[in-house]
Amino acid sequence: MNFSEVFKQSNQLCKVSPDGKYLATCVQYRLVVRDFNSLQIVHLYTCLDQVMHMEWSSDSLFILCAMYKRGLVQVWSLEQPDWHCKIDEGSIGLVSSRWSPDGRHVLNTTEFNLRVTVWSLCTKAVSYIKYPKACQKGVDFTADGRYMALAERRECKDYISVFVCDDWHLLRHFESETQDLAGLEWSPNCCVLAVWDNCLEYKILLYSLDGRLLSSYSAYEWSLGIKSVTWSPSSQFLAVGSYDEKVRILNHITWKKITEFEHPTTIINTKAVVFKEVEKRPVVGSEDLSIHQLTVDNSLFSTQSKYEITQLPAQVPVIKPDPDRANPKIGISALAFSADNRFLATKNDNMPQSLWVWDMLRLSLLAVLEQTAPVRCFVWDPHRPRLALCTGNTKVYLWSPAGCVSVNVPVEGSFQVQSLFWHCSGSSLVLLSKEHICLCYVEPSLASLLMKDMMPR
């Protein structure tokens, strides 16, 4: 694995263009666009204030920069650097901004969720959508970009409106059978809309494109309910994570539960492998020291780590949540399917140092990665069954069916990885610390490296 030099960024604003050719980062009020392969600066833009949100258009030709404090959005063109667009929401304010799927319309949500304003870059036309609901995920587009679903709140009731993105006319409007809608998400095949209630009531609803209720599912009552929802890439499975520390898998035929994955404190499943991260600080002799190493190179003193395979039964570290605090740290907060639908990765909040990997073919636990620090972020390779994760230290971790590997980020100073994401080709990872970014170039096959790093049973 190779690493690039380090570059500055602010507010974790770093995005790769959809075509994979460019890397955009924000540094305070400046937008820097680099060629991804050479990392040379190709465009440099100056915004009117500190950027709070940045997003590429779907065709990689425009970049949107939102400055929420000033209620401003600026749009920059890569093809015509001298052209730019400024959208000012005025005194009504701005809380979120995003592109439409065609990359030619900007959707702004005003303060207090009074309305969604649709701005056209081509015709300069403006459309208004009233009553958007302030919730976890109130807007979602179909994968083909044809339709938008919007959660609405009118007269103390939840509604859903489906719009056609070509001209923004209303296709369907119907009442949702929820007490307090918390989120909605289209299936990848664009046929089904999943809608779920807030955490006080366990309810998930499946609607067709024309607003028909296909099915509803509730696992239990009178307890905290749904915490996370995600579709599999094939749309065959809907994974629902809840506060009872279980993941329930619904199938796309009957929309009934086919299995549930528990997260026990003691792992006894002999088909599962428990990888435990073990840290070791290298012993340094006086002959290894030099002025250069003492002042510049921190790798000499960095803590090394590797994975050991733990004998079963294995205990999983658990943190007991504080019952006196709101939003208890318990339950399944994150779910992610691999690109080939074969694996599902989950994180249980009261087991923050552990990442669970499930085999969707056998519907059973495959592996548990026990880290020395809480897992902050994990993402799947967009093409291969390969999982990357970080824990806020100077390392990046990779898992594949062949095993696990821990790699120290060899850069000057302390680069603590707070989050990461894959390049669309799967050839590299973008690592983000609090104020910097670094690229990690990953070999197509890490099987030999993974097997070398693993300790035998």
Side-chain angles (χ1 to χ4, degrees), residues 133 135-144 146-154 156-164 170-262 331-337 341-344 346 358 360-364:
K133 183 173 183 179
C135 56
Q136 177 185 353
K137 188 176 183 180
V139 180
D140 195 37
F141 295 96
T142 55
D144 59 12
R146 296 179 61 187
Y147 304 105
M148 179 186 78
L150 175 70
E152 299 178 358
R153 188 74 173 177
R154 304 185 184 191
C156 300
K157 294 182 180 179
D158 291 329
Y159 293 87
I160 297 172
S161 291
V162 179
F163 295 88
V164 179
L170 182 64
L171 180 67
R172 289 288 184 273
H173 176 74
F174 54 93
E175 184 177 347
S176 171
E177 296 182 18
T178 51
Q179 296 295 323
D180 186 8
L181 189 152
L184 48 80
E185 184 173 338
W186 288 103
S187 62
N189 63 6
C190 313
C191 296
V192 180
L193 180 67
V195 179
W196 58 95
D197 224 319
N198 74 342
C199 64
L200 298 180
E201 182 169 351
Y202 196 118
K203 181 187 287 187
I204 188 162
L205 308 164
L206 290 311
Y207 290 98
S208 64
L209 184 62
D210 59 4
R212 289 181 297 112
L213 179 62
L214 302 175
S215 183
S216 66
Y217 176 77
S218 178
Y220 53 81
E221 294 180 327
W222 317 119
S223 185
L224 292 177
I226 296 173
K227 192 169 187 177
S228 56
V229 176
T230 191
W231 288 94
S232 67
S234 66
S235 303
Q236 293 175 299
F237 300 115
L238 180 63
V240 184
S242 50
Y243 282 89
D244 67 347
E245 305 176 53
K246 296 180 182 179
V247 177
R248 292 167 175 86
I249 306 297
L250 310 184
N251 73 83
H252 73 297
I253 304 296
T254 63
W255 302 114
K256 302 300 182 183
K257 182 187 73 175
I258 57 175
T259 190
E260 63 181 27
F261 296 146
E262 299 184 8
I332 313 302
S333 62
L335 303 161
F337 281 95
N341 301 278
R342 177 66 189 273
F343 305 106
L344 172 68
T346 64
W358 308 85
M360 295 304 298
L361 187 62
R362 298 180 174 84
L363 297 177
S364 63

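We use all heavy atoms of the structure for the numbers below, so side chains are in, but hydrogens, waters and symmetry mates are not. Every value quoted in this text rests on a predicted model; they were computed, and no experiment measured them.
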Atom pair CG (Asp210) and CG (Leu171), whose distance is rounded to the nearest 0.5 Å:
8.5 Å
Could you report the tightest heavy-atom contact between Trp358 and Glu262, atom names first, then the distance?
CH2-O, 3.0 Å
Is it the case that more than 12 heavy atoms not belonging to Arg146 sit under 6.0 Å from its CZ atom?
no
Just wondering, do Leu205 and Ser176 contact through their side chains at under 4.5 Å, heavy atoms?
yes
For Tyr202, does its backbone N or O pair with a side-chain atom of Ser218 as donor and acceptor, under 3.5 Å?
yes
Once rounded to the nearest 0.5 Å, what's the spacing between atom OH of Tyr243 and atom NZ of Lys227?
4.5 Å
Report yes if the side chains of Ile258 and Phe237 come closer than 4.5 Å at any heavy-atom pair, otherwise no.
yes
Locate the shortest heavy-atom distance separating Trp186 from Ala149; write the atom from each residue and the value.
NE1-CB, 3.4 Å
Lys137, NZ atom: more than 12 neighbouring heavy atoms under 6.0 Å:
yes
If every non-hydrogen atom of Cys190 is compared with every non-hydrogen atom of Thr142, which pair is closest and at what distance?
SG-CB, 3.8 Å
To the nearest 0.5 Å, how far apart are CH2 in Trp196 and OG in Ser228?
9.0 Å
From CD1 (Ile226) to CZ (Arg248), nearest 0.5 Å
9.5 Å
With the side chain counted from C-beta on, respond yes when Ser161 and Glu152 share a heavy-atom pair under 4.5 Å apart, and no when they do not.
yes
Any donor-acceptor pair under 3.5 Å linking the side chain of Trp255 with the backbone of Tyr217?
no
Is there a side-chain contact between Asp180 and Leu200 (heavy atoms, below 4.5 Å)?
no
Heavy-atom pair with the smallest gap, counting every atom of Asp158 and Glu175:
O-CG, 3.4 Å
Interatomic distance, Cys199 atom SG to Leu224 atom CG [nearest 0.5 angstrom]:
5.5 Å
Just wondering, do Val192 and Trp231 contact through their side chains at under 4.5 Å, heavy atoms?
yes
For the OG atom of Ser216 and the CG atom of Asp197, what is their distance to the nearest 0.5 Å?
11.0 Å
Any side-chain heavy atom of Tyr147 within less than 4.5 Å of one from Leu209?
yes
Is the closest side-chain heavy-atom distance between Leu238 and Val229 below 4.5 Å?
yes
Taking the side chain as every heavy atom from C-beta outward, state whether Glu177 and Tyr207 have any atom pair closer than 4.5 Å.
yes
Which heavy-atom pair separates Leu150 from Leu184 by the least distance, and what is that distance?
C-CD2, 4.2 Å
So, the side chain of Ser235 versus the backbone of Asn189: is there a donor-acceptor pair under 3.5 Å, distance only?
yes
